[in-house]
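Counting starts at 1 for both ligands and their atoms, following the listed order.
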Amino acid sequence: MLICASFRKTMASSFAVCRLHMRGRASLAKCLQKTDAFLHRSIGTDVVVAQAEATRSDESDEKNGRKSLHTLHVERQEQAERSVLISCQTSTNEKKFLKYLTKHGEINKYFFYESYGVYAVVEFANQESVASLLEGVAIPGGSHESAVPFKSRLLSLRNLGSVDSSNQLSGWQCQPQTTIPINELIKRLSREESIKKQISSLTEAYQLTEENSRLRFLVCSLLKDIATAYFPECTIKPFGSSVNGFGKLGCDLDMLLDLDSISGRNVKLPKSGLSLEYQMKRANSERAVTQSILSVIGKCVDQFGPGCVGVQKILNARCPLVRFAHQPSGFQCDLTANNRVAMKSTELLYLYGELDPRVRSLVFTVRCWARAHGVTSSIPGAWITNFSLTVMVLFFLQKRSPPIIPTLDHLRDLAGPADKSVIEGNDCTFVSDFNKIQLQSNTETLEQLLGEFFEFYATFPFSRMSLNIRKGKEQNKPEVAPLHIQNPFETSLNVSKNVNASQLDRFVALCQESAWLLQQSETSTPRGSGVGDEGAPTPWGLATLLLPSQVAGIKSRKKRRREPASERIKGLLESLKNKNQLKKS
Ligand code: GTP
Ligand code: MG
């Protein structure tokens, strides 16, 4: 097959990709080995001293089982760099598979999962093992003459010899990467004996698993191997629900191409000596630079990204991004660049989630409830987003008496010098040291909080007031919008600007219905051994809230196949419907 000149050029740059990414990984590993030294390095500035202080408090937080998002990122990224993703045949013999891999070094952890086939994530103890493994991999040839000789860490393993049927992968447990269907969840919750247990069962079923988190960081790391061809100093970090503690299995993977290490931000130019000659061509704004960076990376991912399909460059959005599906992991990916405010929001949400276990449980429950009723959607539109919904839960928790979580202004007041952060003129400063945050002693149970959440928003004066988590107070709306939630960092913006009046009405009506359901002894107490249709346990408590709504005019957009509600619940809902009709007439 003839290879045209431009393709040859691309091939050559692909070899460069390989060289660069190997170099990038090696240098990162060295850098990480020295993390401790780096964090304590003294250059005589306040920032560095404070950084060392932050590190010490990170250490004490770790003793308390709490890690800062920064520490989590560093650990997970380093783990991901030592990992490979291998497509396996179901007939693969696990023992032989491990024996084959351990030739290259000790394995720290491995697991299997299914996504259009069986895959294994293998984490080696040492970075060198990955290099040794890659040295020996075959590049597809023959009928694939035009295959790109890019040695990614997405590999495929075949023909490891004879199959011992007792030890095939198909017989091994694959780690689930998606949530159980809602019907299953409703059944599971109906078997629990208290609402508190229902909430923890829901959280357990929905939250990201250890394996899924590892896979998310690994996909970022695989992507980084491609991006370093253009930008050798870059890293790719997950943000949003993949890392903020509120992610549900199956949520999208938001990624940030981070060039901050060479951005020159926060660095004073020396009066003499060499500096890089920057030549950003045809770009007269930061946004234009972001667009061109994402444009080249998008093209590269599209053409050479192993397993990346359906690449779309959405560069004219408010936040330019490259969207694609990463088939081997099953993740829907959004790659952005220069999106530091979103990373700050992620850090903030993570911090709130770490402060009190009720925060995460309530957010999970409300997110799941909202999804079950089509209040939120994976498709962009006039719906409330998960981010807005999470801010609504946080605001509600700030409004408890005493408050369960502090206001953002309070977190800013507790910040040390190293926490200072101003992004595009917006003050994004807040404390990162958990030990500085004193919580008030609120003893409300999750059951109470759930009921109160629905009541709070069933009666909130949305037409006049805006939600503000900076102050922990509602304020007069600064602009006309059905739902106004002040952006915590870009305070002139409304994070729920997209929400239309009918979506807000549905949300309020559903809150009214759910508050009412939780107050009825018929639905708020366990139904004992009672079984509904097809032998399923009779839904009660939280399970009832996830059943299709019966309130007139607020039927879910999507028709879902669900277990029909039990006769008793149908009756209750019918009476609610009549009550609503009476109110209207
Ligand atoms: P899901 O993907 O729906 O599970 O939740 P998510 O929190 O990841 O939301 P999304 O993917 O829509 O956005 C990713 C992250 O971008 C969020 O967690 C926020 O940190 C940030 N973000 C999203 N929307 C906004 C917004 O309107 N304003 C601000 N400041 N940040 C936002
Ligand atoms: Mg997301």
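Of the residues R76, Q77, R82, the one that meets the side chain to side chain donor-acceptor pair (under 3.5 Å) test with Q79 is R76. E354 pairs with exactly one of R360, K67, R66 by the salt bridge (Lys or Arg N to Asp or Glu O under 4.0 Å) rule, that one being R360. Under the side chain to side chain donor-acceptor pair (under 3.5 Å) rule, N468 has a single partner from K473, Q475, E474, which is Q475.
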Let me see the working for E211 and R214 under salt bridge (charged side-chain N to carboxylate O under 4.0 Å, His left out), right down to the final yes or no.
-> CA-CA 5 Å; E211 288 77 16; R214 279 171 177 263; over 6 Å; no
Test R216 against S242 for side-chain hydrogen bond (donor to acceptor under 3.5 Å, both in side chains), laying out the working first.
-> CA-CA 7 Å; R216 285 172 189 268; S242 295; 2.9 Å; yes
Check step by step if side-chain hydrogen bond (donor to acceptor under 3.5 Å, both in side chains) holds for Q398 and Y352.
-> CA-CA 11 Å; Q398 290 175 335; Y352 276 129; 3.3 Å; yes
Take F453 and F396, measure what ring pair (Phe, Tyr, Trp, His ring centres under 6.0 Å) needs, and give me the verdict at the end.
-> CA-CA 7 Å; F453 172 86; F396 161 75; 5.6 Å; yes
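The atoms of ligand 1 that sit less than 4.0 Å from any heavy atom of T346 are 20 (O). Taking every heavy atom of C251 and a limit of under 4.0 angstrom, the matching atoms of ligand 1 come to 4 (O). Near D252, the atoms of ligand 1 lying under 4.0 angstrom from a non-hydrogen atom of the residue are 2 (O), 11 (O). Those atoms of ligand 1 that come under 4.0 Å of a heavy atom in N386, given as number and element, are 1 (P), 3 (O), 4 (O), 5 (O). In summary, the atoms of ligand 1 found under 4.0 Å from a heavy atom of S345, numbered by their order in the structure, are 20 (O), 30 (N), 31 (N).
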Would you list the atom pairs, donor with acceptor, under 3.5 Å between side chains in residues 321-329 and any protein atom, with sequence neighbours excluded?
| from | atom 1 | to | atom 2 | distance (Å) |
| --- | --- | --- | --- | --- |
| R323 | NE | D334 | OD1 | 2.7 |
| R323 | NH2 | D334 | OD2 | 3.1 |
| H326 | ND1 | S329 | N | 3.4 |
| H326 | ND1 | S329 | OG | 2.8 |
| S329 | OG | H326 | O | 3.2 |
| S329 | OG | F331 | N | 3.2 |

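Which of F246, F239, F387, Y350 comes nearest to atom 15 (C) of ligand 1 through a heavy atom is settled by distance: it is F239. Counting only non-hydrogen atoms, the option in P238, A342, S388, P380 that gets closest to atom 20 (O) of ligand 1 is A342.
With respect to the salt-bridge test (charged N to carboxylate O, under 4.0 angstrom), the residues K109 and E123 do not qualify. A salt bridge is absent between D302 and K299: the closest approach of a Lys/Arg side-chain nitrogen to an acidic carboxylate oxygen does not fall below 4.0 angstrom.
Remark: minimum distance from atom 30 (N) of ligand 1 to any protein heavy atom is reached at N487 ND2, 3.1 Å. At the top of the distance list for atom 1 (P) of ligand 1, counting protein heavy atoms only, stands S241 OG, 3.4 Å. The nearest protein atom to atom 14 (C) of ligand 1, hydrogens excluded, is given as D254 OD2, 3.5 Å; this is a heavy-atom distance. At the shortest separation from atom 18 (O) of ligand 1 among protein heavy atoms lies G240 CA, 3.3 Å.
Using a non-hydrogen distance threshold of 4.0 Å, R367 registers as a contact of ligand 1.
If you look at the Mg ion (ligand 2), the protein N, O or S atoms less than 2.8 Å from it are D252 OD1, D254 OD2.
Between F430 and F489, the two ring planes are parallel [angle under 30°; tilted spans 30° to 60°]. Using cut-offs of 30° and 60° on the angle between ring planes, the pair F462 and F507 is perpendicular.
Heavy atoms from other residues, nucleotides or ligands lying under 6.0 Å from NZ of K196 number 12 at most.
Of the N or O atoms in P488, none lie within a sub-3.5 Å distance of an N or O in ligand 1. Checked by distance only, ligand 1 and R318 stay at 3.5 Å or farther apart across all their nitrogen or oxygen atoms.
The presence of a protein heavy atom under 4.0 Å from atom 12 (O) of ligand 1 is ruled out.
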